[in-house]
Amino acid sequence: MNIQVSSHESVAYEIRDLGHLRPADKIAAAAETAMRRIPPVWPLKDFVAVNPFLGLADENFADAAARLNAIAGARTLMPRAFYADALKNGRMTDDDLAAALALHRTQHKHEISLAEIKTQLQSPGPDGTRQARLVMDVAGEATGTDWTSIWRERISHWAASRFDEGQSLWASRKENDSDYSSWRAYAAADQTTRLLGAPGFASAAAALPSNPRDVLELCAARLNLRGRALVDHFHALLMGCGGWAGLARYRLWRAELKGATDTTLLEFLAALAGWELSMLEGLDEKFGLADAWRRDREAAAFKPSQDFVIDAIFQSAYEIAWQRSCIAQIERALPTEECDAKPLQAAFCIDVRSEVFRRALEQASPEVETIGFAGFFGVPVAYIPAGEESSADQCPVLLSPSHTICETASNGKVRDRHFLRAAAQTWKSFKISAVSSFSFVETYGWSYAAKLVTDSLGLTRPVSNGPREAGPPDLSETMNGHGIPAADQIAIAENILRGMSLTRRLGRLILLAGHGASVVNNPHAAGLDCGACGGHSGEVNARVAAAILNDASVRVGLAERGIIVSEQTHFIAGLHDTTTDTFRLFDEDRVPPSHADNLARLRDLLARAGETARAERAGGLRLIPGARLKSQIARRSRDWSQVRPEWGLAGCAAFIAAPRNKTADIDLGGRAFLHSYDWRTDKNFAVLELIMTAPMVVASWISLQYYGSTVDNRAFGAGNKVLHNVVSAFGVLEGAGGDLRTGLPMQSVHDGERFVHEPMRLSVFIAAPTHAIDRVLSNHPDVKDLVANGWLHLFALGENGEPTRRWVGDGAWSTNSPGKGGREIAQEVQL
Amino acid sequence: MNFIYTFGVATTVALDAQPAWGRTVTTFSLIAFAAPLGLFAAAILAFRGPGMRPAGTLRVARLASGTAFAIALACLAAVIVGQTVTTPLIGWGGLGLAMRLDPLSVTMFTLVSFIGVIVLEFSRNYMDGDARQGQFIGWLAATLASVILVVTAGNLVQLLLAWIATSLFLHRLIAFYSDRPIARIAARKKFIVARIGDICLASAAAILFIRFGTGDIGAISSSLKAIAAADAASGLGLPALLIVLAALLKSAQFPAHGWLTEVIETPTPVSALLHAGIINAGGFLVIRFSDLMVLSASSLHLLAIVGGFTALFGGLVMLTQPSVKVSLAWSTISQMGFMMMQCGFGAFALATAHIVAHSLYKAHAFLASGSAIEWARLTQTKNRKPLMPVHFGGALALALAVYAAFALGLNEWAEKPAATIALGAILTMGLSLYVMRGIQARSSRRLIVKVVGTTVLGTAIYFAVNAISAAWLGGVVAPVPSPDWVSLTLMCLAVLSLLAIIAIQMADTEKVLPARWRTHIANGLYVNALFNRFVSAHRLAAARNRS
């Protein structure tokens with residue numbers, strides 16, 4: 001077997017153009033490079049999917065796998081046995097393997113034969129141990145004490161308090177000191193290290209430089225690291241506490257979105273390096289740690305491995321097998337003829353859960369058609385509910401909200417909300433303050449006998465969600481800059497309709513359906529809400545969009561821009577509850593009497609579609625369809641002990657941007673993001689560009705989050721839900737301590753017996769001319785990285801019986817019809 | 001309030017006077033054993049199908065825990081109408097298994113079986129899909145059965161065996177995910193602490209048996225009641241001290257608290273059961289032997305000192321914890337300390353009430369800990385009014401006034417011992433903190449009305465609980481002894497130091513105490529780090545193999 005492994009270079013990669021920099025700047029650049037490799041982590045209150053490989057997308061998939069394995073001991077692919085099983089049970093075939101081999105020949109100049117690679121299925125594959133070495137590892141070997149775990153635990157102990165957003169009543173001081181100096185003071189005072197066998201640690205920490213950049217320079221000098229070894233070292237430090245590093249990276253992300261910057265991550269890195277240096281100083285005398293480190297450095301060399309390329313080929317084969325059947329399904333389906341506008345139209349979020357409901361709704365009646373669009377409906381707003389102090393961003397995390405909207409509410413209602421919040425705050429401090437907690441138990445502790453019963457029965461929630469009935473969003477402009485100016489409203493309206501390819505053939509009643517989940521006592525609840533709305537329920541955006549589109553003056557403005565929305569059309573906002581597949585409609589009182597019949601019909605159809613959708617999802621929830629199903633599912637959504645209230649986006653595999661009539665008759669099994677798109681109405685392919693740079697990227701984030709949490713839940717997932725311990729009012733720990741956990745809980749991808757999510761990178765299908773797709777890629781290097789480096793698969797759907805083509809390189813597309821075997825594909829690829 | 005006292009006296013009388021048909025009742029009372037036996041049977045069934053989604057086990061466990069709760073309620077009803085019984089001894093020579101059903105034990109029995117129903121019910125869906133759910137349910141049921149046998153023990157042998165069994169079954173639950181290093185360390189530490197506790201209890205039981213010639217707890221209590229304090233020198237100081245030690249170790253009191261905060265390495269329902277059902281066993285033991293306690297002043301002082309310090313220490317550490325479950329664990333440590341201190345002051349009935357109320361609260365707090373983000377969202381605030389001395393004074397004055405009004409209105413102080421007054425003062429201080437937060441919040445008149453109303457109602461509840469528990473348990477726990485000067489000093493110390501903590505919190509802890517202190521306190525004064533070192537918690541596997 002002869003493989004030219006590109007991962008050789010990848011483990012030891014280049015820092016570009018650093019020759020001219022001063023040493024201090026080189027170190028800063030190394031830190032910067034390492035920091036950019038850490039994916040941000042969003043707080044649980046607006047938990048959204050994040051691509052755990054963000055920051056590595058400029059590398060080939062297999063190379064990144066090798067890197068993550070070396071730096072963090074993380075697995076990026078399934079164990080070999082998984083692929084062997086798939087081959088044995090027919091999930092994939094030899095043809096798929098051959099096709100995958102051919103595909104990879106274009107990327108990694110390998111000469112592996114089918115027979116050779118099949119023998120590899122029997123070998124264990126990469127062993128998933130970290131190769132990068134930290135001073136703590138060397139110290140551990142020198143002393144027999146697990147300093148690496150102690151390091152992580154100590155950093156976590158400090159970070160949890162430092163980054164606490166409201167859990168503890170005795171907060172660590174935040175004013176007047178930086179994160180790094182807060183750590184240094186902590187490390188200098190903390191006696192734990194002394195007690196565990198590093199007596200000099202605290203004084204060494206106290207003597208560290210006060211500037212974080214100086215610490216990083218000292219680290220490079222003392223550890224004798226430079227260039228890419230230094231980047232790898234910083235990267236390994238950050239990955240060692242990847243959760244907290246992700247929190248710091250999140251702050252940087254948020255700041256940069258607003259055009260500012262943030263030093264939390266740099267200071268955090270300095271704290272990690274400072275720990276190492278203090279360890280080195282603190283243990284040197286007794287154990288000669290500096291010498292041990294020097295010897296270790298000399299011995300250490302990354303062992304590049306071919307295994308990751310082979311694994312990547314297996315993974316591709318696993319995906320090609322699925323693509324084969326998916327493409328066959330799409331190509332077999334006859335596109336329905338475009339007909340006159342149907343009276344009822346319903347726009348849903350592209351979320352894969354919508355697919356099931358949309359199919360059910362269309363089956364319920366031929367008079368309704370559905371549309372797929374990002375669930376924030378092109379309205380990136382910050383929303384302030386009545387009586388609250390702060391706003392939540394109701395838009396994808398790639399965007400910054402353009403406007404701030406408040407809830408319309410009477411003064412009385414605002415006062416009520418103020419009262420409820422103040423009462424809750426006061427009650428909380430009564431309950432958990434020192435001494436007053438004794439009084440609390442002796443007086444009101446008794447009331448929990450009743451609360452235990454009612455919460456167990458699902459009659460109450462542990463935290464009541466208060467007056468849920470929200471007033472309509474207030475669009476009018478106010479003194480403090482809230483609201484949406486009229487001109488902006490017209491621009492937003494135009495973007496919505498063009499984005500949905502809904503500039504003609506408008507029906508009478510058009511539903512804009514946001515979505516949200518209803519679950520109880522679940523720290524990851526926001527992860528089940530709408531990701532396009534920043535991890536929140538989407539009714540606000542739908543209501544704002546409907547209000548704008550119904551506005552008479554907006555419609556005049558639209559007409560000037562060439563989009564006619566007649567008086568026959570009314571938009572109505574709704575909310576799809578993805579847990580129970582029930583529906584709520586908003587602002588029904590604004591529906592004109594002329595549309596009353598349509599409204600009644602819509603309500604009826606939504607109810608029927610709900611039945612169908614619930615029946616379809618019942619199997620996954622281990623429920624039996626029948627008369628009791630609705631109440632069983634409703635019970636589940638109120639169950640405080642339920643760890644799998646719904647399956648979220650598990651199973652997501654494809655992203656399809658095409659007119660709905662191309663997919664209308666296909667059962668995609670709730671696995672596809674469906675974005676409505678008609679390239680014929682897309683001037684200059686501006687909408688295509690938008691789709692490929694926003695919804696497609698977000699979908700790939702989601703798919704890679706599920707992928708990461710499935711292939712290595714320890715590294716990229718949140719672990720076991722029954723151990724979750726909410727920390728810093730921000731995230732979860734698994735158990736008593738350790739690093740902040742990111743990604744999805746095991747329970748969200750696994751039902752105990754098997755993975756419910758099949759680990760696959762996203763397959764993107766776009767119904768558009770290939771040259772247009774190529775142009776978007778060449779204009780957006782970040783997006784092209786995703787495609788070219790194998791973070792997603794890109795296909796162009798053909799017109800009029802043309803076969804589906806796969807993107808295989810700059811401007812190169814290969815057909816990949818289901819009838820073809822690997823050999824033919826291989827030939828084509830080489831052509 | 002009179003009717004409650006009459007009721008209490010009636011219970012006491014029933015305890016001593018066996019009615020003519022008493023023998024029938026005594027035999028019939030054996031049915032109470034069905035509660036633990038049913039749970040043990042469920043456990044055995046569970047171990048036969050230890051795996052995933054054990055539908056049959058779940059049904060049987062539900063049935064067994066429901067039955068146990070029903071039996072507990074029946075026993076409670078029987079005791080309320082005046083039947084205090086000890087079941088016939090299953091054993092020999094005054095040693096063996098017997099249940100004593102009196103106001104104290106049926107209270108605990110009802111509490112524990114109620115928590116059991118809730119926790120087992122919660123574990124159905126919560127643990128769904130776990131590869132060893134059957135085993136989990138099995139250990140849960142077995143632990144529950146053992147705790148029921150502890151709290152209903154009428155004989156020293158049953159008490160000791162059930163005491164040890166509880167800890168061994170719990171051990172399996174703590175180490176349920178034995179691949180988790182911290183879970184293993186916690187189990188190891190708990191194991192060491194528990195075995196020392198077992199030795200203490202076994203020695204105490206042996207001494208008591210030798211001294212009184214019977215293992216019957218009721219009989220021992222009656223004999224103890226007959227001993228005047230003056231005769232106390234007669235060798236009862238040692239068993240009392242041993243029981244106190246066993247209790248302090250069981251209830252995670254300083255410095256043996258380290259394992260409790262790490263039990264979070266096991267599924268949430270275990271924490272709920274542990275913090276609401278098992279950790280109480282220490283307090284229960286002291287209360288069960290309160291007649292012995294009051295004969296040993298030094299034991300009471302030890303309880304007051306260790307309990308008081310743990311209450312203070314645990315409360316402060318709790319304030320610093322940024323994670324919800326660890327913070328709850330410290331809260332339990334602190335609450336158990338407070339309860340032990342109540343015992344040390346001789347307020348055994350009040351301590352029992354504290355156990356029950358705390359269990360209900362803490363079981364809920366753990367099971368609902370997944371709602372922490374929702375809580376944070378609801379309670380986060382940026383604008384809190386700055387503190388003014390008038391707030392502090394006003395709040396304290398208001399709470400004090402409410403308390404005084406009740407106390408005077410009910411003519412409480414006239415006859416009550418110092419302990420009750422001291423504990424009442426602590427309650428008042430706690431309430432005053434609440435009142436002050438109410439004033440401090442950006443408040444409306446409505447909030448003030450609510451806070452004042454809550455304070456008045458809370459004080460009323462406190463007095464009612466005080467009276468009811470005194471009446472209900474009057475016949476089974478020792479009355480509050482009149483304090484000696486050491487106790488009086490300790491009471492003053494407790495009130496003053498807790499007042500200091502209230503004041504610090506009112507002024508915002510982070511502004512008053514130096515950051516360095518926070519580091520030390522957040523680390524629990526490093527006691528756990530020392531313990532970890534002692535059990536070689538951080539040895540690398542490779543290094544361990546070598547040595």
Side-chain angles (χ1 to χ4, degrees), chain A residues 44-45 140 144-146 150 160-161 164 166-171 173 186 189-192 195-196 389 419 422-426 428-430 433-436 438-439 441-443 445-446 448-449 451-452 456 462-463 521-523 639 641-643 722 725-729 733 735-736 751-752, chain B residues 52 118 121-122 125-126 129 182 262 264-265 267 315 319-325 338 357-358 360-361 364 368 370-382 427 430-431 433-434 437-438 441 443 446-447 458 461-462 498 501-502 505 509-510 515-516 519 526 529-530 533 538 540 543:
Chain A
L44 286 179
K45 71 180 163 65
T145 298
D146 187 356
I150 297 171
S161 283
D164 187 5
Q167 175 66 39
S168 70
L169 288 185
W170 180 359
R173 278 184 228 184
Y186 177 93
D190 180 19
Q191 299 301 306
T192 311
L195 291 171
L196 296 181
E389 289 164 9
F419 169 71
Q425 285 154 13
T426 315
K428 178 185 172 185
S429 81
F430 182 22
S433 293
V435 187
S436 82
F438 305 142
S439 314
V441 160
E442 301 213 325
T443 52
W446 302 91
Y448 286 90
K451 188 92 174 115
L452 276 169
S456 291
V463 179
N521 202 23
N522 187 340
D639 180 359
S641 65
Q642 185 52 258
V643 288
V722 306
N725 177 13
V726 175
V727 67
S728 310
L733 302 175
D751 73 355
Chain B
M52 198 183 297
I118 298 284
E121 204 55 30
F122 192 90
N125 291 336
Y126 199 64
I182 302 179
E262 289 167 354
I264 288 150
E265 291 285 316
L319 292 180
T320 63
Q321 297 304 311
S323 77
V324 59
K325 284 183 177 175
F338 187 71
H358 172 259
L360 295 170
Y361 160 61
H364 184 270
S371 304
I373 295 291
E374 280 182 66
W375 252 115
R377 254 169 108 161
L378 189 66
T379 55
Q380 241 157 27
T381 179
K382 284 174 207 153
L427 172 97
L431 284 172
L433 182 63
Y434 168 61
R437 292 288 181 235
S443 54
R446 217 164 126 196
L447 184 69
I461 293 173
Y462 176 77
L498 293 177
I501 287 185
I502 286 279
Q505 290 180 96
T509 324
E510 59 190 274
R516 240 179 142 60
T519 301
Y526 311 105
L530 269 173
R533 184 179 173 171
H538 299 288
L540 280 166

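Computed from heavy atoms alone, side chains included, the values below leave out hydrogens, waters and symmetry copies. Source: prediction; values computed, not measured.
- Heavy-atom minimum distance, Arg446(B) versus Phe419(A): NH2-CD2, 3.4 Å.
- Ranked by heavy-atom pairs under 4.5 Å with chain A, the first of Gly458(B), Gly430(B), Ala368(B), Gly370(B) is Gly370(B).
- Most heavy-atom pairs under 4.5 Å with chain B: of the set Val435(A), Val643(A), Asp639(A), this distinction falls to Val435(A).
- Using a 4.5 Å cut-off between heavy atoms, Leu433(B) contacts chain A through its side chain alone, with no backbone atom that close.
- Taking all atoms of both residues into account, the shortest heavy-atom contact from Ile502(B) to Ala434(A) is CD1-O, 4.2 Å.
- Classification of the Tyr448(A)-His364(B) ring pair by plane angle, with boundaries at 30° and 60°, yields tilted.
- Of the listed residues (Ala423(A), Gly445(A), Gly166(A)), the one with the most heavy-atom contacts under 4.5 Å to chain B is Gly445(A).
- Both the backbone and the side chain of Leu431(B) come within contact range of chain A, with heavy atoms under 4.5 Å apart.
- Proximity to chain B is limited to the side chain of Ser456(A), based on heavy atoms less than 4.5 angstrom apart.
- For the residue pair Val727(A) and Ser323(B), the shortest heavy atom distance occurs at CG2-CB, 3.8 Å.
- Ranked by heavy-atom pairs under 4.5 Å with chain A, the list Ala529(B), Pro267(B), Gly315(B) is led by Pro267(B).
- In terms of heavy-atom pairs under 4.5 angstrom with chain A, the leader among Pro322(B), Ala515(B), Gly129(B) is Pro322(B).
- Atom CZ of residue Arg437(B) and atom OG of residue Ser433(A) lie 5.5 Å apart, to the nearest 0.5 angstrom.
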### Task
Check the pair Ser439(A) / Leu427(B) against side chain to side chain contact (heavy atoms under 4.5 Å, CB included), numbers first and verdict last.
CA-CA 5 Å; Ser439(A) 314; Leu427(B) 172 97; 3.9 Å; yes
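- If you take CD on Gln642(A) and CZ on Phe122(B), they are separated by 10.0 Å, rounding to the nearest 0.5 Å.
- With values rounded to the nearest 0.5 angstrom, Thr192(A) atom OG1 is found 8.5 Å from His538(B) atom NE2.
- The minimum heavy-atom distance linking Ile461(B) with Glu442(A) is given by the pair CG2-O, 4.3 Å.
- In this structure, chain B has heavy atoms under 4.5 Å from both the backbone and the side chain of Asp190(A).
- Heavy-atom distances place the side chain of Leu733(A), and not its backbone, under 4.5 Å from chain B.
- With a 4.5 angstrom heavy-atom cutoff, Ile150(A) touches chain B only via side-chain atoms.
- Across every non-hydrogen atom of Ala422(A) and Leu447(B), the tightest pair is CB-CD2, 3.8 Å.
- At least one donor-acceptor pair closer than 3.5 Å links the side chain of Asn521(A) to the backbone N or O of Ser371(B).
- To the nearest 0.5 Å, atom CD of residue Glu121(B) and atom CG of residue Leu452(A) are 12.5 Å apart.
- Highest contact tally toward chain A, considering only Thr519(B), Leu319(B), Ile373(B), Ile264(B), is held by Leu319(B) [criterion: heavy-atom pairs under 4.5 Å].
- If you measure heavy-atom distances from Gln505(B) to chain A, the contacts under 4.5 Å come from the side chain alone.
- Remark: side-chain polar atoms of Glu265(B) are paired, donor with acceptor, to backbone N or O of Ala736(A) under 3.5 angstrom.
- The ring-ring contact (aromatic ring centres under 6.0 Å, His included) test with Phe438(A) is passed by exactly one of Tyr361(B), Tyr462(B), Phe338(B): Phe338(B).
- Using a distance-only test at 3.5 Å, with no hydrogens or angles considered, no donor-acceptor pair links the side chain of Asn125(B) to the main chain of Ser641(A).
- Between the side chain of Arg533(B) and the backbone N or O of Leu195(A), at least one donor-acceptor pair lies under 3.5 Å.
- Heavy-atom pairs under 4.5 Å with chain A peak, among Ile501(B), Leu498(B), Leu378(B), at Leu378(B).
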